[in-house]
Amino acid sequence: MEPAPVPEKPSLPKLREAVQECRACELYKGTTQAVLGEGPTRARAMLVGEQPGDREDIEGHPFVGPAGAMLDRGLREAGIERSDVYLTNVVKHFRFRARGKRRIHQRPEREHVQACRPWLDAELAVVRPRVLVCLGAVAAQGLLGSKVRVTRDRGVPLDSDLADVVMVTVHPSSILRAGDDRAAAYEAFLQDLRAVAGALTTPA
Ligand code: URA
């Protein structure tokens with residue numbers, strides 16, 4: 001494998017082009033494209049998910065599938081404009097296994113998160129968000145270390161140098177999988193997003 005070809009002086013357009021050539025792990029194989037984050041260059045908040053899903057891989061944009069719809073609903077109800085935040089993932093290629101014609105999501109391994117990290121570091125260096133939110137355990141542990149527990153640490157500012165305010169919450173797809181507990185899972189997610197909204201309106 002080759003090192004991630006991150007441009008020396010990154011900008012979002014340069015990163016978006018360069019990430020397509022990434023061979024830092026094997027996940028590029030069989031995908032349509034790499035999916036970089038999207039949002040304003042100087043967004044005050046960055047939300048980091050796990051990896052693009054099937055729809056994101058095809059369309060080339062983060063959070064445009066079912067998890068994205070859940071995230072959109074939460075952001076809207078928490079009073080956060082999606083267009084004001086930078087949305088990205090810790091892994092830029094879709095990891096899946098083929099079952100017939102379907103592509104089934106597979107959780108990325110730590111080595112994939114590590115191989116992809118230079119891209120997220122470059123996005124952080126360009127955007128420099130004041131508030132950083134990890135969505136789910138893969139993003140939380142990838143960025144903050146293996147001691148983080150989403151269920152225990154969610155919705156409160158955590159100790160990290162990555163941004164002024166760093167928080168974790170569940171991945172929106174976990175709400176879709178919550179079955180009978182879906183309404184409660186969504187309410188808890190919304191409460192975390194309201195804490196993010198609060199952090200965004202508090203002066204630095
Ligand atoms: N899930 C993620 O973690 N990221 C996406 O972009 C879509 C689904």
Side-chain angles (χ1 to χ4, degrees), residues 12 15-16 19-20 22 25 27-28 30-40 43 45-76 78 80-98 102-117 119-124 127 129 131-144 148-151 153-154 162 166-178 182 185-186 188-190 192-193 196:
L12 296 179
L15 289 171
R16 191 157 289 116
V19 74
Q20 300 307 332
C22 191
C25 75
L27 293 189
Y28 70 93
T31 58
T32 313
Q33 56 198 318
V35 181
L36 196 82
E38 281 181 0
M46 182 183 285
L47 271 57
V48 185
E50 183 189 295
Q51 60 169 350
D54 186 66
R55 283 276 299 283
E56 289 80 11
D57 168 76
I58 293 166
E59 294 184 26
H61 303 288
F63 286 104
V64 290
M70 180 56 74
L71 178 62
D72 284 351
R73 179 179 162 206
L75 289 174
R76 197 170 51 242
I80 302 170
E81 295 279 341
R82 174 171 168 140
S83 58
D84 284 348
V85 300
Y86 187 88
L87 289 178
T88 192
N89 288 299
V90 274
V91 169
K92 309 304 193 215
H93 281 108
F94 177 32
R95 183 171 195 232
F96 63 92
R97 66 190 158 77
R102 290 188 60 209
R103 301 192 297 175
I104 311 295
H105 165 275
Q106 271 197 300
R107 194 182 167 109
E109 303 290 344
R110 198 142 49 116
E111 72 206 54
H112 301 124
V113 176
Q114 271 168 7
C116 218
R117 181 66 190 260
W119 298 108
L120 191 81
D121 285 340
E123 290 174 294
L124 277 168
V127 179
V131 179
L132 178 71
V133 184
C134 300
L135 302 170
V138 173
Q141 295 188 345
L143 288 181
L144 306 174
V148 178
R149 292 286 172 273
V150 170
T151 41
D153 300 327
R154 64 187 295 178
L162 292 174
V166 175
M167 290 190 190
V168 303
T169 184
V170 295
H171 193 282
S173 65
S174 69
I175 301 164
L176 297 169
R177 292 193 305 267
R182 194 158 162 168
Y186 176 73
F189 180 59
L190 185 54
D192 294 344
L193 291 180
V196 172

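As the structure lists them, so they are numbered: ligands from 1, and atoms in each ligand from 1.
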Problem - N/O separation below 3.5 Å, Pro62 to ligand 1 - result: no
Handout entry: Where ligand 1 meets Gly49 - atom numbers and elements under 4.0 angstrom, heavy-atom basis
Key = 3 (O)
Practice task
Using a strict cut-off of less than 4.0 Å between a Lys/Arg side-chain nitrogen and an Asp/Glu carboxylate oxygen, indicate whether Arg117 and Asp121 qualify as a salt bridge.
Solution key: yes
Handout entry: Minimum non-hydrogen distance to atom 8 (C) of ligand 1, winning option of Glu50, His105, Gln51
Key = Gln51
Handout entry: Whether His171 lies under 4.0 Å from ligand 1, heavy atom
Key = yes
Practice task
Identify whether the distance between the nearest side-chain nitrogen and carboxylate oxygen of Glu81 and Arg76 falls below 4.0 Å.
Solution key: no
Handout entry: Gln51 and His112 side chains, donor-acceptor separation under 3.5 Å
Key = no
Problem - Lys NZ or Arg CZ of Arg73 over Tyr186 ring: under 6.0 Å, within 45° - result: yes
Completion exercise
closest protein heavy atom to atom 4 (N) of ligand 1 is Asn89 OD1, 2.7 Å
Handout entry: Salt-bridge criterion met for Asp57 and Arg103 (N-O under 4.0 Å)
Key = yes
